[in-house]
Amino acid sequence: MTGMHHMLVHFPEAFWALATLMILVGAWMPGRLAELSRIALLPVLVLSLLGALAAIVSGLLVWPLAANLASPMARNHLLMALWSLGLYTMLTVLVWRAGAAAFDGSRRWVLVILALSGGLLFATTGTLGGHLAGATTRFSELLRLTGWEVYTTFYSPGWVVAVMAMIGLACAVLGHRHKRPSGGRDD
Ligand code: HEM
């Protein structure tokens, strides 16, 4: 069953990488390739979510939750998998709701920023998984520069929590300022 997780994780990792690339190409490049990237993005995102669910379910089935939560590396691996799933779910809903207009004007920046953030999240998920399985990578050196020691850091560094709180606040203020009048009927 362990091998099942090792096999299944390739689906979300590959589809998330592909979706991220397609968003960058769709947002910045001219021509047919960019057009194809924009058209095919939604199915790729949907497949990535299905793959992620399969990977998460297999992870939860294979290893006892108590063991995962007791180890800093396994706990953060699980946490990063859930953050990645959350972020790509948000991207999928945005692309689905906006349809052909998802890449119009400054909207493309929302996709690009989310895609780049998602790239960092799923790369971290995979890196921690690799460390758990004994296949270490140099990506963890980058994490160390932010104060995250993959073998021991159990909680987010304080500055990360502060930055997250500031981003949340900025989004709330922006959302409030640009709130559209409802204009709907009461009936
Ligand atoms: C989107 C979800 C996930 C992704 C992309 C992912 C990715 C990975 C990767 C790339 C590996 C290394 C596999 C290898 O080197 O062959 C791994 C291993 C591992 N993952 Fe995940 N994972 C996910 C979810 C989970 C969840 C939800 C759990 C536990 C609840 C989990 C627990 C583990 C453990 C314990 C290992 C180490 C396996 C070993 O020691 O052989 N993963 N994962």
Side-chain angles (χ1 to χ4, degrees), residues 1-26 37 40-97 102 110-157 160-161 163-164 167-168:
M1 192 74 179
T2 310
M4 186 70 90
H5 185 69
H6 289 206
M7 186 267 288
L8 286 173
V9 296
H10 290 83
F11 289 95
E13 295 281 352
F15 282 125
W16 282 338
L18 180 60
T20 302
L21 190 65
M22 286 166 87
I23 288 175
L24 298 181
V25 170
S37 297
L41 180 60
L42 186 57
V44 170
L45 282 169
V46 171
L47 288 173
S48 80
L49 297 187
L50 294 176
L53 286 176
I56 289 171
V57 168
S58 72
L60 291 171
L61 285 178
V62 176
W63 296 282
L65 195 58
N68 280 320
L69 296 181
S71 141
M73 215 155 52
R75 175 188 171 279
N76 289 334
H77 177 59
L78 170 58
L79 203 63
M80 286 298 117
L82 295 177
W83 273 104
S84 307
L85 176 69
L87 192 140
Y88 281 93
T89 303
M90 193 158 67
L91 256 174
T92 309
V93 172
L94 282 178
V95 172
W96 169 51
R97 293 289 304 270
V110 176
L111 299 187
V112 167
I113 290 169
L114 286 176
L116 291 177
S117 313
L120 285 177
L121 288 176
F122 82 73
T124 308
T125 310
T127 296
L128 293 176
H131 276 266
L132 282 166
T136 58
T137 73
R138 301 292 296 275
F139 188 81
S140 49
E141 299 293 327
L142 279 182
L143 296 180
R144 190 168 291 129
L145 291 179
T146 68
W148 181 346
E149 174 56 61
V150 290
Y151 294 105
T152 51
T153 301
F154 205 71
Y155 296 105
S156 303
V160 173
V161 178
V163 169
M164 282 163 74
I167 292 175

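All ligand and atom numbering here is 1-based and tracks the order in the structure. The shown structure was predicted, so the numbers you read here are calculated from the model rather than taken from an experiment. Along the sequence shown, the residues carry numbers beginning at 1.
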Return the residue, atom name and 0.1 Å-rounded distance of the protein heavy atom closest to atom 15 (O) of ligand 1.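 Going by distance alone, atom 15 (O) of ligand 1 is nearest to A133 CB, 3.7 Å.
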Which protein heavy atom lies closest to atom 14 (C) of ligand 1, and at what distance to 0.1 Å?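 Of the protein heavy atoms, H6 ND1, 3.8 Å lies nearest.
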Between L128 and M73, what is the shortest heavy-atom contact and its length?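 Shortest heavy-atom separation between L128 and M73 comes out as CD2-CG, 4.1 Å.
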Nearest non-hydrogen partners of T125 and S84, listed with the distance: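 That would be OG1-OG, 3.3 Å.
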When rounded to the nearest 0.5 angstrom, what distance separates CG in L42 from CG in L91?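 One gets 11.0 Å once the value is rounded to the nearest 0.5 Å.
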Rounded distance [0.5 Å steps], CG in L41 versus CD1 in I23: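 So the gap between those two atoms works out to 5.0 Å.
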Compute the shortest N/O to N/O distance between W63 and ligand 1 and return yes if it is under 3.5 Å, no if not.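 In this structure, W63 places no N or O atom under 3.5 Å from an N or O of ligand 1.
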Enumerated ligand 1 atoms positioned under 4.0 Å from heavy atoms of I56: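 Those qualifying, in numeric order: 2 (C), 27 (C).
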Provide the number and element of each atom of ligand 1 under 4.0 Å from a heavy atom of E13.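 Matching atoms, with element in brackets: 5 (C).
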When you measure from the side chain of N76 to the backbone N and O of T153, does any donor-acceptor pair fall under 3.5 Å?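 Checked: pair present.
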For H131, side-chain hydrogen bond (donor to acceptor under 3.5 Å, both in side chains) partners two or more places apart: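 Partners of H131 by the side-chain hydrogen bond (donor to acceptor under 3.5 Å, both in side chains) criterion, ordered by chain and then number, come out as S140, Y151.
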Partners passing side-chain hydrogen bond (donor to acceptor under 3.5 Å, both in side chains) against T92 (at least two apart in sequence or in another chain):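 For T92 there are no side-chain hydrogen bond (donor to acceptor under 3.5 Å, both in side chains) partners, ignoring immediate neighbours.
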Tell me, please, which residues at least two apart from F122 pass ring pair (Phe, Tyr, Trp, His ring centres under 6.0 Å).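 If we apply the ring pair (Phe, Tyr, Trp, His ring centres under 6.0 Å) test to F122, skipping adjacent residues, there are no hits.
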Decide whether the shortest distance between a heavy atom of G130 and an atom of ligand 1 is less than 4.0 Å.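 Contact present.
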Under 2.8 Å from atom 21 (Fe) of ligand 1, which protein atoms of type N, O or S occur, listed by chain and number?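 Counting only protein N, O or S atoms under 2.8 Å from atom 21 (Fe) of ligand 1, the list reads H5 NE2, H77 NE2.
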Between T2 and ligand 1, which residue portion shows a heavy-atom distance shorter than 4.0 Å: side chain, backbone, both, or neither?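 For T2, the contact with ligand 1 is made by the side chain alone.
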Should we say atom CH2 of W83 is surrounded by more than 12 heavy atoms from elsewhere, each under 6.0 Å from it?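 12 or below, so no.
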Other residues, nucleotides, ligands: >12 heavy atoms within 6.0 Å of F139 CZ: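 For F139, atom CZ is crowded (more than 12 foreign heavy atoms under 6.0 Å).
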Identity of the nearest option to atom 29 (C) of ligand 1, non-hydrogen atoms only, from N68, L49, L79, L8: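 When every heavy atom of N68, L49, L79, L8 is considered, N68 comes closest to atom 29 (C) of ligand 1.
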